[in-house]
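Heads up: the structure comes next, in C-alpha cells.
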Amino acid sequence: MSTLFDLPHGGSSWPQESSEPRAGREHDPDQLLADLNPQQREAVVHGGSPLLVVAGAGSGKTKVLTHRIAYLLAARGAHPGEIMAITFTNKAAVEMKERVTDLVGPRARSMWVSTFHSMCVRVLRREAETVRELLAGTSSDPRLNSNFSIYDADDAKRMVTLVARDLELDSKRYPVRTLAAEVSNLKNELLTPADAAERAGNDLERKVADVYASYQRRLADSNALDFDDLIMRTVQLLRAYPEVAEHYRRRFRHVMVDEYQDTNHAQYALVRELVGTRDSGGVEPAELCVVGDADQSIYAFRGATIRNIEEFERDYPQARTILLEQNYRSTQTILSAANAVIRGNTGRRDKRLWSEAGEGEPVVGYVADNEHDEAAFVAGEIDRLVDDGEATFNDIAVFYRTNNQSRVFEEVFIRRGLPYRVIGGVRFYERREVRDVLAYLRVLDNPEDTVNLRRILNVPKRGIGDRAQAVVSVYAEQERISFAAALRRAAGEGLPGLNTRAQRAISGFVALLDELREAVAQSDVADVIETLLERTGYRGELEASDDPQDAGRVENLTELITVAREFSEMRAPSEETSAGESEDVDAAVLPDGSLSAFLERVSLVADADSLPDSEEGMITLMTLHTAKGLEFPVVFSTGWEDGVFPHMRALGEPAELAEERRLAYVGITRARRRLYLSRALMRSAWGQPMTNPASRFLGEVPEDLLRWRRSEAERSAPQVRSSGSRGGGGFDRGSGGAGNGRSSAQSFKDSVAIKLAVGDRVNHDKYGLGTVLTTEGEGARATATIDFGASGTVRLMLIGSVPLTKL
DNA sequence: GACTAACATTTTTTT
DNA sequence: AATGTTAGTC
C-alpha cells in the first residue's frame, strides 16, 4: 500500500498525460513552445491581463500550466518565488510541481504549488497573532495560536452536535447533518454569524445562525479552524489587514488556479484578494491565469459555483479567454458521444471536442437483466479483451454512480479471478480506529481541542460516561473556562455533582495524558502511537475482541504507525531559502518531523490510500466523481438507469440534473479507446428490487455511435413476475442457452456464476422450498442460510454440487 | 455506566 | 444489507 509520504518521489503512476522532460528546454523559450498547438501556445505566452483557459477534457491543461510557468521564467524574467499555483488536490499539486521541476529544474522549489487549503494554512499559521486579533471581536478570548488544529468534516459535525445539544435543539427538526451543511454554506459565502442572523427569514435559518455563532466561538476556544475557516479566515485576514495582503501581493506576481470551475465563493474571493486590484494600493495586481472547464463541474453540492468560471470575463473586465478544444486522449467517437450528451445542458458556452485519433471503435451498449448480469457482462468482456491482447488489467476501469454498486463487481471479479482494486469508499483516515488514535495525538498536540478530547475521553471505556461528561461540560460553560480546563479541575479537586467513581476515572485519564505528553517530548510520532496504544489499552481491547473486524483494525493501526515512521524519517533537507526578496514567507512554521507537522500533513493530505500503485496490473473500480482527472484506455460505465444515474434525488431538480449530465460527460471523456455503457433492467437497492428505466442520458448518445451488444428487445429470460414492469416487449427471440423447458429457473449445476441474494426463493432436492435469510462469504467459500419452513433453517455451502435451484 | 435492542438512514466528497 | 444512533434495561 502506498502512503502519502512517498508522493514527492514515487509519485503516482496513474495513467496520465505524459510529460517529456528535455534537458535544456528551460533555457529556450522557443523549445518550450515547440510541441504546443496554437491555442496552447497562446495561453502560455499571453501576458498582462487576466487569462481564462477553457480547457476541455484531455486538452492538455496541465501541460499549459506547467509550460506557462516555465515560460514565465525563461522569457518573461519572472522569479520562481513570485509564482503561486493553486490546485484542489494534493495529487494535482504534486504532479504539477514535478512536471514544472522537469522543465525548470530545482528552481521550482521556491514556488508555491499547493492546494487552496495548504496555502491558507501556511498563511494562517504565519499570521496567527493577527488572526487572533481578528477573532477577538467575535470571541471573548480566542485561544488561537499558530499551532491550531484543523477540523475536518467529521470533527466539525461533532462540534455541531455539541452545540446543538447545548442549545437544546430538537434533533428531529434540526438534524446535525443539515445544521453542519448550512454552517458550511454560510462560510463558503463568507457570511459571518451576524450576517446569518440578520438574513434569517425562518426558524431553521435563525437556529442555524445561533448554531453558527456558538460553533465559531467554540472553535476559537479549541484553538481550531475547520476546512471552511481555512479559506474564510484567510480572506477576512487579507481584507482586514491591508498590510498583510500587500505583503503577499508583493511576493506573488503570478497566480495560477487549476480547476477553476470547482471554486466556491470564498475561494473566488481569496483569489481576488491575492491578486489585488488597481485600487488596492501599493502594488500592481498580480497576473492571474485560471484554467477550468464548466462542463466538468461536478462538485456544486459542495459549494462549487460554476458562476465563477462563467462570469470570469465580467469579474475581470480586461480578461482574455482561450478555448482548448483539441483533445489528445480519446477517439472521435467517444468525443462525439460526450459532446452529444453535454449538449443537453442549456446556457453553457458551446465547446466541441475534437481529436486526430480517428473514429475508433463504436461505443458498446448493454442492457442487463439485473446488476449481477451487468457485472458478469463486464467481467466477461474484460476477460476477452485481456485474452485478445487488446488491453491489460491496468488499462481498464469500471465506473459507477454510487459506492454501493461496487459490491457486485467485486463478487464477480473474485469469482472469476480478475485482479481489481476499489478506489474510494471509506478512506483510511476515516476509519474509526485511525481517527481514535489521531484524536489522541491531536489532544496531545493541542490540549484545548475539545472535540477530540471528548472523543477519546471514554475510548476505550474507562468509566467516564455521558453523565460525567455533561457535568464537566456544564461546569466549563458556567465558569467560562475550556472543557479541558474543567476536566483538569475535575481530576484535581473534583466537581459539584460528580461522583467519586467518575472523578477517579477522570484523574486517571488526565494522568495518562500527562504521561503520554512526556512521550511526545522524548520520542517521535510512531513511538508515541505505540506507547499510547499500549498505555490506553486500546490495542489490548482490539486484540481481545472476538469481532472479526477488529483484527483488520489492528492492521490499520500498524499501517498508521508505518506512515508515522516514514514521516519521521523523511525530514526534508532544509529548504534553501531563495536569495533576495522572498522575505520570510517560506520559513517553516512547524518544526520538521514534529507531531504538529505530522497532524497537519494527515489532515490536509488524507487521500493517501487512494493513490494506486498501478504497476500491479489491476482493474480499477471507482465512482464517477473519483474518476475525474483520470484516463483509461478502456472504460466501463455502469448503471445507466434513471434513478441510479441520474440519481433519484436529481430527477426533480434541473440544476442537479445538469450536474449529473456533467458527470456523464466526465465519465465518457475518461475513455481513450473503448467505452462501454451498460444498464440493468432490475437492480436491488436497500434490499428491495427495483426496475429502472434507461437513463435519459443514454438516449442522448447518437445511435450511430452506439453498438448494442444486447438491447432491451433481446434480453434472454423474460422477468418472472415483475409486477410493475413496463413494456415487457421482448418475448420473441428466446435466445439460446436457457432452453430448458422451465422458463426462468437457473440451476447451480449449470452455472456457478449465479449468486443468491437475501429473499430469493429456492428449491432444494432434499429440503424443498425455502427462502434465503442471509448470505456470507465469496466465491468458493460462499454460504447461505436458508429457511426451509417445516424442514428447518439450514446453512449451505453454495458450491456447484449443491442440489439447489433458484426460482 | 454499560449493554442490548429497536430504529432510522442510505449520493457524489478534491480539503 | 449494513451501519450508526438512540432509547430502554440491567
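Convention: sequence-line order gives letters A, B, ...; per-chain numbering from 1. Computed over heavy atoms, backbone and side chain alike; hydrogens, waters and symmetry mates excluded.
Residue-to-nucleotide proximity on DNA chain B shows that, of Q469(A) and A650(A), the 5′-proximal contact is made by Q469(A). Each of A304(A) and G463(A) lies near DNA chain B, and the nucleotide nearest G463(A) is the one positioned closer to the 5' end.
Comparing dG1(B), dT14(B), dT12(B) by their nearest atom to the side chain of D262(A) picks out dT14(B). Closest contact between the side chain of R407(A) and the listed nucleotides dT14(B), dA2(C), dT11(B) involves dA2(C). The side chain of N403(A) has dT13(B) as its nearest neighbour among dT13(B), dA1(C), dT11(B). Comparing dT15(B), dT12(B), dA1(C) by their nearest atom to the side chain of R401(A) picks out dT12(B). Closest approach to the Q549(A) side chain among dT3(C), dT12(B), dT13(B) is made by dT3(C) (side chain taken as heavy atoms from C-beta onward).
Between the C1' atom of dT12(B) and the CZ atom of R649(A) lies a distance of 11 Å, rounded to the nearest Å. What separates NZ of K172(A) from C1' of dA7(C) is a distance of 10 Å, to the nearest Å. Summarising the geometry, the separation between CD on Q503(A) and C1' on dG1(B) is reported as 17 Å, rounded to the nearest angstrom. In this structure, D466(A) places its CG atom 15 Å from C1' of dT9(C), rounding to the nearest Å. Taking atom CZ of residue R177(A) and atom C1' of nucleotide dT3(C), one finds them 14 Å apart after rounding to whole Å. In this structure, H117(A) places its NE2 atom 12 Å from P of dT14(B), rounding to the nearest Å. Rounded to an integer number of Å, the gap from CD of E410(A) to P of dA2(C) is 13 Å. Distance, L604(A) CG to dT15(B) P: 8 Å, rounded to whole Å.
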From CA spacing to verdict: salt bridge (Lys or Arg N to Asp or Glu O under 4.0 Å), D155(A), R435(A): CA-CA 10 Å; D155(A) 297 317; R435(A) 295 206 58 110; 3.1 Å; yes
side-chain contact (heavy atoms from CB on, under 4.5 Å) between L599(A) and S149(A), worked out: CA-CA 8 Å; L599(A) 290 173; S149(A) 293; over 6 Å; no
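One finds no salt bridge joining D293(A) and K61(A) here, because no Lys/Arg side-chain nitrogen approaches an Asp/Glu carboxylate oxygen to under 4.0 Å. Electrostatic pairing of R407(A) and E410(A) does not count as a salt bridge here, judged by no charged N lying under 4.0 Å from a carboxylate O. A salt bridge does not link R165(A) to D466(A): none of the charged side-chain nitrogens sits closer than 4.0 Å to a carboxylate oxygen. In this structure, E660(A) pairs ionically with R401(A), as a charged nitrogen and a carboxylate oxygen lie closer than 4.0 Å.
Counting any heavy atom pair closer than 4.0 Å across all strands shown, E656(A) reaches a base atom. Using a 4.0 Å heavy-atom distance criterion, A468(A) is classed as a sugar-phosphate-only contact.
Of the side-chain N and O atoms in T87(A), none sit less than 4.0 angstrom from OP1 or OP2 of dT14(B). A close approach under 4.0 Å does occur between a side-chain nitrogen or oxygen of N90(A) and OP1 or OP2 of dT15(B). When the side-chain nitrogen and oxygen atoms of N458(A) are compared with OP1 and OP2 of dA2(B), one or more of them lie within a distance under 4.0 Å. Under 4.0 angstrom from either OP1 or OP2 of dA2(B) there lies no side-chain N or O belonging to R467(A). Of the side-chain N and O atoms in T115(A), none sit less than 4.0 angstrom from OP1 or OP2 of dT14(B).
Residue F301(A) and nucleotide dT12(B) are classified as a stacked aromatic pair, their ring centres being separated by less than 5.5 Å at an interplanar angle below 30°. We find that the ring of F116(A) and the base of dT15(B) do not stack by the test of centres under 5.5 angstrom and planes tilted less than 30°. Both geometric conditions, a ring-centre gap below 5.5 Å and a plane tilt below 30°, are not fulfilled together for H625(A) over the base of dT12(B).
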